[in-house]
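Single-structure report; data block below.
Numbers here are sequence positions counted from 1. Everything numeric in this text was worked out from a predicted model, so none of it was measured. Counting starts at 1 for both ligands and their atoms, in listed order.
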Amino acid sequence: MAFCSCNQFLSSTYPFPIFNKNSKSVPKFLNSRVPQSLQFQAYMSMDQCGVPLTKIKIPHILTVAGSDSGAGAGIQADIKACAARGVYCSSVITAVTAQNTVGVQGVDIVSEAFVSQQLNSVLSDMQVDVVKTGMLPSLGIVNVLCQSLRHFPVRALVVDPVMVSTSGDILAGPSILSVFREELLPMADIITPNIKEASALLGGVQLETIADMCSAAKQLHAMGPRSVLVKGGDLPDSLDAVDIFFDGKQYHELRSSRVKTHNTHGTGCTLASAIAAELAKGSPMLRAIKVAKRYVETALEYGKDIVIGNGPQGPFDHLLRLKRGLYSSTKQMEFNPSDLFLYAVTDSVMNERWGRTMTDAVKAAIEGGATIIQLREKDADTREFLETAKACVEICHFYGKPLLINDRIDVALACDADGVHVGQSDMPAHLVRTLLGPEKIIGVSCKTPEQAKQAWIDGADYIGCGGVYPTNTKANNVTVGLEGLRTVCLASNLPVVAIGGINASNARSVIELGMPNLEGVAVVSALFDRENILSETRNLHASLIQAVSKVKS
Ligand SMILES: Nc1ncnc2c1ncn2[C@@H]1O[C@H](COP(=O)(O)OP(=O)(O)O)[C@@H](O)[C@H]1O
Ligand SMILES: Cc1ncc(COP(=O)(O)O)c(N)n1
Ligand SMILES: [Mg+2]
């Protein structure tokens with residue numbers, strides 16, 4: 001590998017340098033006795049704190065807008081929409097509004113000098129890709145924004161010409177219209193007026209039909225923006241939500257079903273931010289608008305019946321998460337290592353052999369003393385598995401026991417299980433953690449100390465180690481034996497559950513290993529390939545209790 005000089009390195013990564021050229025901290029840890037090339041290797045691979053330096057450029061939106069204290073629209077909606085669409089969002093605040101679901105009770109405009117200072121802070125330093133504007137309440141603010149954009153050009157400018165809130169309150173008066181038309185609109189890649197705003201920009205023409213929207217889009221385009229989206233959320237008598245996009249040559253009618261809800265406060269801000277987000281990711285304009293519109297529709301549908309505030313226009317749920325947990329009988333279980341004590345892993349083939357349903361088997365295991373359940377389905381079709389999983393989540397939560405899903409992250413998410421258990425050939429645990437979030441329980445099968453260390457680094461909660469004894473439940477499974485189990489326990493920062501051929505007669509030898517982080521045993525056949533699950537589980541539970549008390553004494 002060849003190494004480059006500091007300046008070459010900077011220019012090779014431009015426009016996304018990993019450090020600031022002027023940073024005074026750079027030379028601090030450069031050791032003059034180390035050859036130049038190695039200094040740069042060290043410099044490029046980690047910072048002063050030993051944190052690896054990576055060069056990932058994150059798409060970055062700057063929103064220049066007003067704050068909505070109710071957080072349904074304005075800056076707050078923009079930041080949530082950008083978070084939901086996976087881009088970074090910085091914010092320059094132009095006004096602070098006292099606002100709720102009833103309306104706007106007050107507006108405090110930020111001075112143009114301070115808006116200018118905020119713009120300078122962000123644009124001079126933070127590699128903004130796309131600027132999105134919302135409430136621009138004074139002529140002076142529009143002027144300083146235009147100056148900043150000329151001084152710090154960005155890849156795209158999305159102008160949402162916010163003038164009136166959904167509640168009908170004025171957010172920017174007619175005084176800004178001239179500077180809007182003459183200065184800001186010609187710089188925009190797209191402007192996104194709603195019907196009232198399009199009408200105001202055009203001097204008060206009435207817009208009532210789709211044909212009116214097309215004609216308005218064309219006239220607005222003549223004012224200089226590269227493209228125009230006239231939004232029809234408020235189009236009278238329209239069963240669908242219809243927007244008109246005009247790119248200077250062609251009209252596109254973008255139609256989606258109209259979500260029946262009062263929770264539409266902030267749809268305009270959200271749409272414009274989502275368009276900016278897609279542009280920053282590299283989408284062409286029409287595609288960006290289509291994705292953004294579908295995102296708004298999905299978020300409206302998801303949040304259509306949430307209740308926040310008593311006014312006529314509620315906020316919706318940008319992150320599509322507020323309702324999670326409402327459908328399960330109890331909330332997400334907190335993981336406790338002692339849950340691993342008697343870990344029951346189901347098997348539907350065994351259930352069929354003994355003529356019982358999965359839910360009956362799970363219920364019997366819990367009543368017999370199982371402390372956690374893992375649903376393991378190798379062959380069932382997904383829909384059937386999901387239905388079974390949902391029913392088992394209900395049962396487990398009724399008894400206050402966690403339910404994990406083997407391998408299938410999608411099923412775990414869909415049934416809101418407490419977590420998943422993955423093997424070495426399944427999805428890596430760090431990706432599982434990314435998909436499931438910080439609360440869910442993640443277990444990883446490990447046979448070696450290296451795998452155990454990796455599971456810890458990857459953010460797993462526990463390790464399943466085996467096969468301790470030979471077993472028929474898993475084909476071609478290497479038996480690690482008690483010695484292998486001990487090695488993994490010694491190497492692991494995580495609690496461990498032993499698995500593989502364990503039953504009431506040999507469980508004792510496992511527990512008697514006396515490893516402090518060995519929390520319990522996991523069993524399949526010893527419980528589920530038996531006539532009476534309840535009594536088998538009770539027996540195993542009793543053996544475990546006995547073994548533990550012997551180890552302690
Ligand atoms: N009830 C709804 N169902 C689906 N989409 C909607 C609904 N209301 C508005 N939209 C869409 O949300 C976006 C914002 O439009 P609109 O509400 O007209 O803007 P504004 O919030 O600026 O008044 C548009 O794409 C519009 O079609
Ligand atoms: C601070 C602020 N900015 C913009 C809007 C527009 O809201 P909507 O998107 O519902 O038209 C608002 N109500 N408040
Ligand atoms: Mg609206």
Side-chain angles (χ1 to χ4, degrees), residues 63-81 91-110 132-137 158-172 190-201 207 210 213 216 229-236 238-245 252-275 288-304 311-316 318:
T63 170
V64 183
S67 159
D68 168 5
S69 56
I75 287 278
Q76 289 82 354
D78 297 343
I79 292 176
K80 286 187 276 188
S91 53
V92 163
I93 298 184
T94 57
V96 181
T97 70
Q99 192 172 170
N100 57 20
T101 61
V102 179
V104 181
Q105 290 82 41
V107 176
D108 198 355
I109 297 178
V110 175
K132 176 254 155 189
T133 69
M135 178 177 178
L136 300 173
V158 176
V159 173
D160 184 18
V162 169
M163 289 172 196
V164 191
S165 73
T166 317
S167 54
D169 299 283
I170 304 294
L171 297 171
I190 183 166
I191 62 168
T192 63
N194 62 21
I195 286 187
K196 283 184 211 140
E197 290 152 355
S199 161
L201 285 167
L207 304 181
I210 289 176
M213 287 166 71
L229 181 75
V230 178
K231 300 173 295 189
D234 301 327
L235 189 68
S238 170
L239 287 175
D240 293 337
V242 189
D243 303 341
I244 297 297
F245 175 58
H252 300 264
E253 185 180 302
L254 305 169
R255 197 174 269 271
S256 69
S257 72
R258 182 178 288 275
V259 180
K260 290 191 178 58
T261 178
H262 294 296
N263 295 336
T264 57
H265 176 57
T267 44
C269 307
T270 303
L271 183 81
S273 294
I275 292 172
I289 298 168
K290 285 182 179 169
V291 171
K293 185 165 168 62
R294 184 169 295 166
Y295 160 63
V296 171
E297 187 193 357
T298 311
L300 286 175
E301 177 65 37
Y302 189 90
K304 65 183 175 193
Q313 233 103 32
F316 55 100
H318 291 80

message = Please confirm whether Ala65 approaches ligand 2 to less than 4.0 Å, judged on its heavy atoms.
response = no
task = Measure the distances from the heavy atoms of Ala77 to every atom of ligand 2 and state whether one is below 4.0 angstrom.
result = no
query = Can you find a heavy atom in the side chain of Thr264 that is under 4.5 Å from one in the side chain of Leu300?
reply = yes
Part of [X] with heavy atoms under 4.0 Å of ligand 1, whether side chain, backbone, both or neither:
| X | value |
| --- | --- |
| Thr267 | both |
| Val296 | side chain |
| Glu297 | neither |

query = Does an N or O from Ala73, backbone or side chain, lie closer than 3.5 Å to an N or O of ligand 2?
reply = no
message = With nothing but distance in play, are any N or O atoms of Gly268 less than 3.5 Å from an N or O of ligand 2?
response = yes
message = Among residues at least two apart in sequence or on other chains, which ones pass side chain to side chain contact (heavy atoms under 4.5 Å, CB included) with Lys304?
response = Val259, Thr261, Glu301
query = Which ligand 1 atoms are under 4.0 Å away from a heavy-atom of Asp243?
reply = 24 (C), 25 (O), 26 (C), 27 (O)
task = For Leu271, counting its heavy atoms only, list the atoms of ligand 1 lying under 4.0 Å from any of them.
result = 25 (O)
Within the structure, does [X] bring an N/O atom to less than 3.5 angstrom of an N/O atom in ligand 1?
| X | answer |
| --- | --- |
| Gly268 | yes |
| Val259 | yes |
| Thr264 | no |
| Ser256 | no |
| Asn194 | yes |
| Asp160 | no |
| Cys269 | no |

ask   = Which is closest to atom 4 (C) of ligand 2 by heavy-atom distance: Ala272, Gly134, Cys269?
value = Cys269
request  = Take Thr101 and His265, measure what side-chain hydrogen bond (donor to acceptor under 3.5 Å, both in side chains) needs, and give me the verdict at the end.
outcome  = CA-CA 8 Å; Thr101 61; His265 176 57; over 6 Å; no
query = Considering only heavy atoms of Ser165, which atoms of ligand 2 have at least one such atom less than 4.0 Å away?
reply = 13 (N)
ask   = For His252, which residues count as a ring-ring contact (aromatic ring centres under 6.0 Å, His included) partner, sequence neighbours excluded?
value = Phe245
request  = Would you confirm whether Arg255, through its side chain, and Asp240, through its main-chain N or O, come within 3.5 Å as a donor-acceptor pair?
outcome  = no
query = Can you check whether Asp234's main-chain N or O pairs, donor with acceptor, with Lys196's side chain at less than 3.5 Å?
reply = no
